[in-house]
2 protein chains.
Amino acid sequence: MTYQDDPFKANFDSLEEFADRISDLLQCPITIEDANHRLIAYSAHDDYTDPARTATIISRRVPEKVINSLWKKGVIPALLSSMEPVRVETISEVGLGNRVAVSIWKNNEVIGFIWALEADRTLSKDDMELLKKAAKAAKNKVLQLYMRKNKREERVQEFFWKLLTGHITANEEIKENFAMMQIPTAPLFSVLIFRFASDITNDIEKQISYILQTTQQIHVLLYTVDRHDFILLAAPKSTLQPLHELNQFIISFGTKMKERFHVNSIKSSFGGIYETYEHIEKSYKEALTVLAIKEKFPEQTSTIYSYQQLGIYQFFDLLLEKKRQGEFINSSLLKLQAYDEKHHTNLVETFEVFFDHDSNVNETAKALNIHANTLSYRLKRIAEIGEINLHDINQKVKLYIDIKLAKYEALH
Amino acid sequence: MTYQDDPFKANFDSLEEFADRISDLLQCPITIEDANHRLIAYSAHDDYTDPARTATIISRRVPEKVINSLWKKGVIPALLSSMEPVRVETISEVGLGNRVAVSIWKNNEVIGFIWALEADRTLSKDDMELLKKAAKAAKNKVLQLYMRKNKREERVQEFFWKLLTGHITANEEIKENFAMMQIPTAPLFSVLIFRFASDITNDIEKQISYILQTTQQIHVLLYTVDRHDFILLAAPKSTLQPLHELNQFIISFGTKMKERFHVNSIKSSFGGIYETYEHIEKSYKEALTVLAIKEKFPEQTSTIYSYQQLGIYQFFDLLLEKKRQGEFINSSLLKLQAYDEKHHTNLVETFEVFFDHDSNVNETAKALNIHANTLSYRLKRIAEIGEINLHDINQKVKLYIDIKLAKYEALH
DNA sequence: CCTCATTTTGTGGATTTCCACAAAATTAAT
DNA sequence: ATTAATTTTGTGGAAATCCACAAAATGAGG
């Protein structure tokens, strides 16, 4: 089979036309994606496509499990590091048939991919060369999309910041803007923050953006960057367990950043989950509060990401203020502290850990490295010395809060 | 034995002299008390006195257990209702030997008592008559004491109000006043309030004052009346378990008011227990807070009298304010409430009662009149529907507080 | 160093909790 | 009225908690 020198020198009106042209030449279905695996174009009239391609076209993006599996097999890393086409063997778990892929480059950066599904025939060496040429030819078309998107991005960013800082409060106005910028609406949303150890570089931003675009756990409505913080407005897919979904997303995001880009130590949080847009600022502030509290209680809050789950820590700032004014003097706590001080005991810590572990004897004993009976003896002493009834949940909760508050205050 | 018509017509310099005179005439030890069983005078040179009299003289007041027992035997009620002498048989439990008592009257009011201990001899009918005359003769002397005390009282009252309202804040100044008015000092003190169903009449005030003067559970430093409220500054006897002592006092005060004067439905409270006088106003405010909270949570706080033991309710006003501003939206609670509403279930109440009962399965089941397994089933549902981890004490406490807060808000 | 009070660890048994499973009762919806 | 889902109650056994008692370890003070 022979082709003319550059079969793509003709001008194409659209990328669809371009995809059809490649498909004609190679005799196999073609899909073109951007750097974030969103579908840009695909060839029509194909007889056979595998489930992965079908799903990609339907949802206009590559299914996340497919992306995950391509990362694990090393396909995407290969495409990101070289301009050469890569062949992918069938991965039946995710419905992926044999295919060949090549990356589209602009300077030193990958801005998209072309996939050729080996439906009826296997591509030859020449075919591969052709694909490579196609990738080069696609560059400008893809770039145009990219630039157009960037311009839109800027306007959207500005809008997002206005929302975060409460500069737009009228619900009508917010809705208008959402519609104008073609941001999808959602019944529930929350503001998420990923806080990095250092300022977020363009490079990192792209990596994050990549993961966000490819994830399908949540809907990303808006995002922006503020020094260490990557801030996004996200919507859970279902309204049934929004908390759980956002939590899962945050965890998997952390894992992916670590696995794929070796970015460690990201602190994540999200604020309240709300229905109306006026609450975006509130949700953002709450997400910031979560990070602040996590800073101060790293152990207790290590598995907490949401404002919801902050629980009693939600009102610690408020209580601390009052405490500073001399309120809430807890004589039980004072007595226990005095006793600990004088006799080098650990009554306060014992109570705190016991409560932390939901009053579970075994767990607490293990956590404190003491015998269960030692714990029970200490609890008896705590009741005596602190003049506190250990069956009175009210007194216990107050003591617990006061202990935490004292710690919080110490860290001011 | 015969006496001249009025053996007491001579003028006596002091009540001590007067007591000696009676003692001479009746040939037995004499003690004179005011209406509150404080020792006013006693005859000297007596050979025999019983333990009760000794204790009275030493502590300058009749021991409380003796007063209690005299009430129970009906002696004091008899003395309060008639001018006739009353004979008291030995009450060995409290070290009281045989004796005769008579009350001292001014108009329709008892202002004191004279006690004649039948040490060597039993008083005859004539002796009793003599005692009655002595009581009449004592009237003016006792009254003088009474009046002098009243004048002092007024100044003291004014001072107390200044303390309660924070109009004297300098510790030095407070100390000076305490010394000047001969109010005993104490290392620890608290402000107590007894709130009556209606305004406190002079009559009730006297009854209260009587109980306060005769109690020896605590030291009463100052007291005053404000409409429904009887307010006092009290000091616990020991510094070890001040909370417990004040609690005990409040309970026994209520019992006595009920038993002796049939005064029901007193609401009592006390504020923080402090060391420095500047905190009197604070303690007073706290005592008022306790009463306010008891008003709103009668069941939960029925056994609570102190600000200390208010526990989490201490900061409910604070939290309520924030809640009104839209903070602390607890989606778990919202979901549970919605579920309850829709399916006519009791998940919120179940959780609340369970927590109220210190997470004790049996007690809770009993309180709710359900099977223990029903409770466990409901808890499982609560965890599911509320998206809450029942082993996470933080989430649980938050939910609990939010439930109580919602109730509190409902009662605004 | 010794002594005494306090704290820790150990043992065993009564009691309670937890959990899985199943049957009965109740409720909502067609 | 029938069905299906949810809720309540019951049973039994494993696991955990509680409690009393005792022996060992620790530590402060004379």
Side-chain angles (χ1 to χ4, degrees), chain A residues 238-241 332-393 395-397 399-400, chain B residues 238 240-241 332-393 395-397 400:
Chain A
S238 91
T239 57
L240 234 98
Q241 300 211 311
S332 295
L333 179 55
L334 292 179
K335 283 180 197 156
L336 291 175
Q337 283 171 333
Y339 193 90
D340 277 351
E341 178 76 20
K342 193 171 171 192
H343 298 88
H344 310 292
T345 48
N346 292 316
L347 299 185
V348 174
E349 191 201 2
T350 300
F351 180 85
E352 183 190 358
V353 175
F354 183 59
F355 219 68
D356 276 339
H357 289 85
D358 197 29
S359 303
N360 182 303
V361 174
N362 273 326
E363 278 184 33
T364 310
K366 214 170 287 169
L368 289 170
N369 274 318
I370 56 173
H371 193 277
N373 285 358
T374 304
L375 175 58
S376 110
Y377 171 76
R378 286 191 190 170
L379 289 173
K380 209 183 74 190
R381 296 289 286 148
I382 288 168
E384 288 167 6
I385 293 164
E387 271 198 279
I388 174 176
N389 175 4
L390 287 181
H391 293 296
D392 182 340
I393 191 66
Q395 288 181 44
K396 285 196 290 185
V397 167
L399 179 57
Y400 182 68
Chain B
S238 90
L240 235 97
Q241 300 211 311
S332 296
L333 179 54
L334 292 179
K335 283 181 198 154
L336 291 175
Q337 283 170 334
Y339 194 91
D340 276 351
E341 178 75 21
K342 192 171 172 192
H343 298 87
H344 311 294
T345 47
N346 292 316
L347 298 185
V348 174
E349 189 201 5
T350 300
F351 181 85
E352 184 190 359
V353 175
F354 183 59
F355 219 68
D356 276 338
H357 288 83
D358 197 29
S359 304
N360 183 304
V361 175
N362 273 325
E363 278 183 36
T364 309
K366 215 170 286 170
L368 290 171
N369 275 316
I370 56 173
H371 193 278
N373 284 359
T374 304
L375 175 59
S376 110
Y377 171 75
R378 286 192 190 169
L379 289 173
K380 209 183 75 191
R381 295 291 284 149
I382 288 167
E384 289 167 6
I385 294 164
E387 270 199 280
I388 174 176
N389 175 3
L390 287 181
H391 292 297
D392 182 340
I393 191 65
Q395 288 181 44
K396 286 196 291 185
V397 167
Y400 182 68

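Throughout, a chain's letter reflects where its sequence line sits, starting with A, and its residues are numbered from 1.
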For this session: Tell me what A/S376 touches on the nucleic acid: a base, only sugar-phosphate, or nothing, going by heavy atoms under 4.0 Å.
Result: nothing

Exercise. In whole angstrom, what separates B/I370's CD1 from D/dT6's P?
Worked result: 19 Å

For this session: Using whole Å, report how far NZ of A/K380 lies from C1' of C/dT8.
Result: 13 Å

Exercise. Is any side-chain heavy atom of A/F355 closer than 4.5 Å to a side-chain heavy atom of A/L399?
Worked result: no

Exercise. The side chain of B/V361 lies closest to which of these nucleotides: D/dT17, C/dT6, C/dC18?
Worked result: C/dC18

Exercise. Just how large is the angle between the end axes of the helix from C/dC1-D/dG30 to C/dT30-D/dA1, five pairs per end, to 10 degrees?
Worked result: 50°

For this session: Look at the side-chain N and O atoms of A/Y377 and state whether any lies under 4.0 Å from the OP1 or OP2 oxygen of C/dT8.
Result: no

Exercise. Given atom NZ of A/K342 and atom P of C/dA5, what is their separation to the nearest angstrom?
Worked result: 15 Å

For this session: Could you pull out the closest heavy-atom pair between A/G386 and A/S332, with the gap in Å?
Result: O-OG, 2.7 Å

Seminar exercise, completed: Smallest heavy-atom separation, A/V348 atom then A/D340 atom, equals N-OD2, 3.0 Å

Problem set entry | From D/dT7, D/dT17, D/dT8, nucleotide with atom closest to A/N360 side chain | D/dT17

Seminar exercise, completed: note: A/H344, atom NE2; C/dT8, atom P; distance rounded to Å ~ 13 Å

For this session: May I have the distance from B/L375 (atom CG) to C/dC19 (atom C1'), rounded to whole angstrom?
Result: 14 Å

Seminar exercise, completed: Result for 5'-nearest mapping on DNA chain C, choosing between A/R381 and B/F354, is A/R381

For this session: Using atom OH of A/Y339 as one end and atom C1' of D/dA28 as the other, report the distance to the nearest whole Å.
Result: 12 Å

Problem set entry | Integer-rounded Å distance: C/dC18 C1' and A/D358 CG | 14 Å

Exercise. Considering only side-chain heavy atoms of A/T374, which listed nucleotide, D/dG10, C/dT8, C/dT7, is closest?
Worked result: C/dT8

Exercise. What distance separates A/R381 CZ from A/T350 OG1, expressed to the nearest 0.5 Å?
Worked result: 12.5 Å

Exercise. Are the side chain of B/K396 and the backbone N or O of B/L390 linked by a donor-acceptor pair below 3.5 Å?
Worked result: yes

For this session: Measure across A/Q395 and A/N389 and return the closest heavy-atom pair with its distance rounded to 0.1 Å.
Result: OE1-N, 3.1 Å

Seminar exercise, completed: note: A/N373, atom CG; D/dA24, atom P; distance rounded to Å ~ 16 Å

For this session: May I ask you to test the A/L333-A/F351 pair for a side-chain heavy-atom distance under 4.5 Å?
Result: no

Seminar exercise, completed: Taking for B/H343 and for B/H371 the nucleotide of DNA chain D with the nearest heavy atom, the one nearer the 5' end belongs to B/H343

